[in-house]
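Just so you know, residue 1 is the first one in the sequence shown, and it goes up from there. The structure displayed is predicted, hence computed values, not measured ones.
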Amino acid sequence: QVQLVESGGGLVQAGDSLRLSCAASVRTFASYAMGWFRQAPGKEREFVAAINWSGGSTYYADSVKGRFTISRDNAKNTVYLQMNKLKPEDTAVYYCAADQGGYNLEVDASYDLWGQGTQVTVSS
């Protein structure tokens with residue numbers, strides 16, 4: 001059974017950093033584009049960042065550009081989200097997702113697999 005398991009969330013203060021990890025239990029991890037989405041209470045799930053299968057192309061929401069960095073290690077079947085200069089508005093449950101198609105990575109409907117999410121809370 002294919003699984004995506006996020007970790008690294010927590011409670012931090014504004015300006016702090018966190019690194020989220022998403023481990024995939026799939027043999028063909030390198031064939032998937034990967035994305036991070038988040039959902040705050042009372043809000044719709046929104047795109048945060050995505051990375052293509054090789055790591056050569058990355059995409060970011062305007063709200064996190066310059067603060068967050070997505071990366072992947074195909075040897076470890078893991079994708080990361082380095083989050084710096086965190087703001088209270090970054091508070092949300094963060095989900096990683098996997099997409100075999102590699103297109104429209106800013107759209108959650110493009111993704112085939114989802115993790116269970118990890119909570120990130122940023123206090124002011």
Side-chain angles (χ1 to χ4, degrees):
Q1 184 178 359
V2 177
Q3 282 188 314
L4 301 177
V5 180
E6 300 98 333
S7 62
L11 171 63
V12 297
Q13 293 187 331
D16 286 350
S17 299
L18 277 176
R19 188 176 81 156
L20 305 183
S21 300
C22 173
S25 62
V26 55
R27 286 187 297 175
T28 58
F29 177 75
S31 69
Y32 287 83
M34 300 296 295
W36 286 97
F37 288 76
R38 67 187 182 187
Q39 187 167 22
K43 295 187 177 181
E44 293 187 353
R45 185 165 58 191
E46 65 174 0
F47 170 75
V48 176
I51 189 167
N52 75 334
W53 66 273
S54 69
S57 296
T58 56
Y59 312 88
Y60 297 95
D62 287 343
S63 59
V64 307
K65 204 171 292 184
R67 299 188 298 123
F68 291 10
T69 302
I70 189 171
S71 61
R72 66 189 297 159
D73 185 338
N74 287 344
K76 296 182 178 180
N77 281 18
T78 301
V79 63
Y80 304 96
L81 185 68
Q82 178 66 43
M83 305 186 295
N84 298 329
K85 300 179 181 179
L86 282 161
K87 304 175 181 180
E89 51 263 45
D90 295 318
T91 295
V93 177
Y94 283 70
Y95 299 91
C96 75
D99 169 32
Q100 284 194 300
Y103 300 99
N104 299 320
L105 295 178
E106 298 183 9
V107 178
D108 57 1
S110 298
Y111 291 82
D112 309 296
L113 304 169
W114 290 84
Q116 84 289 349
T118 186
Q119 177 71 46
V120 172
T121 303
V122 184
S123 63
S124 58

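A donor-acceptor pair is defined here as one N or O able to donate and one able to accept, closer than 3.5 Å; such a pair exists between the side chain of Asn74 and the backbone of Trp53. Between the side chain of Glu6 and the backbone N or O of Cys96, at least one donor-acceptor pair lies under 3.5 Å. Distance alone, capped at 3.5 Å, places no donor-acceptor pair between the Thr69 side chain and the Gln82 backbone. Under a 3.5 Å cut-off, the side chain of Asp112 and the backbone N or O of Gln100 do form a donor-acceptor pair. Checking side-chain atoms of Arg72 against main-chain N and O of Gly55 turns up no donor-acceptor pair under 3.5 Å. No donor-acceptor pair under 3.5 Å is formed between the side chain of Asp16 and the backbone N or O of Leu86. When atom types are taken as modelled, the side chain of Thr118 and the backbone of Gly9 share a donor-acceptor pair closer than 3.5 angstrom.
Of all heavy-atom pairs between Ser110 and Asn104, the closest is OG-O, 2.8 Å. In terms of heavy-atom proximity, Asn84 sits nearest to Ser17 at OD1-OG, 2.9 Å. Between Tyr32 and Val26, the closest heavy-atom pair is CE1-CG2, 3.8 Å. When every heavy atom of Leu105 is checked against every heavy atom of Ala33, the shortest pair comes out as CD2-CB, 3.7 Å. The two residues Leu4 and Ala98 have their closest heavy-atom pair at CD1-N, 3.8 Å. Listed here is the closest heavy atom pair of Lys85 and Arg67: O-NH1, 2.9 Å.
Here the side chains of Asp108 and Trp114 are in contact, with some heavy-atom distance below 4.5 Å.
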### Query
How far apart are the C-alpha atoms of Tyr60 and Ile70, what are their side-chain angles, what is the distance that settles it, and do they pass the side-chain contact (heavy atoms from CB on, under 4.5 Å) test?
CA-CA 9 Å; Tyr60 297 95; Ile70 189 171; 3.5 Å; yes
### Message
Checking Val12 against Met83 for the side-chain contact (heavy atoms from CB on, under 4.5 Å) test, could you report, in this order, the C-alpha distance in whole Å, the side-chain angles of both residues, the deciding distance, and whether it holds?
### Response
CA-CA 11 Å; Val12 297; Met83 305 186 295; over 6 Å; no
### Task
Output, in order, the C-alpha distance, side-chain angles, deciding distance and verdict of side-chain contact (heavy atoms from CB on, under 4.5 Å) for Ser63 and Arg38.
CA-CA 12 Å; Ser63 59; Arg38 67 187 182 187; 3.5 Å; yes
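Residue Tyr59 is not grouped with residue Val48 when hydrophobic side chains (ILVMFWY) are merged at heavy-atom distances under 4.5 angstrom, including chains of intermediate members. Hydrophobic clustering, with ILVMFWY side chains joined whenever heavy atoms are under 4.5 angstrom apart, groups Val64 together with Trp36. There is a path of hydrophobic side-chain contacts, each under 4.5 Å, that joins Tyr95 to Phe47. A continuous path of ILVMFWY side-chain contacts below 4.5 Å connects Leu20 to Met34, so both sit in one hydrophobic cluster.
With Val120 as reference, Leu18 is the one residue of Leu18, Val93, Thr91 to meet the side-chain contact (heavy atoms from CB on, under 4.5 Å) rule.
A distance of 7.0 Å separates SG of Cys22 from CZ of Phe29, quoted to the nearest 0.5 Å. Summarising the geometry, atom CD belonging to Gln13 is positioned 9.0 Å from atom OG belonging to Ser124; distances are rounded to the nearest 0.5 Å. Atom OG1 of Thr28 sits about 8.5 Å away from atom CG of Asn77, to the nearest 0.5 Å.
In summary, the aromatic rings of Phe37 and Tyr111 are positioned with their centroids under 6.0 Å apart.
Ionic pairing of Lys65 and Asp62 is present here: one or more N-O contacts between side-chain nitrogen and carboxylate oxygen are shorter than 4.0 angstrom.
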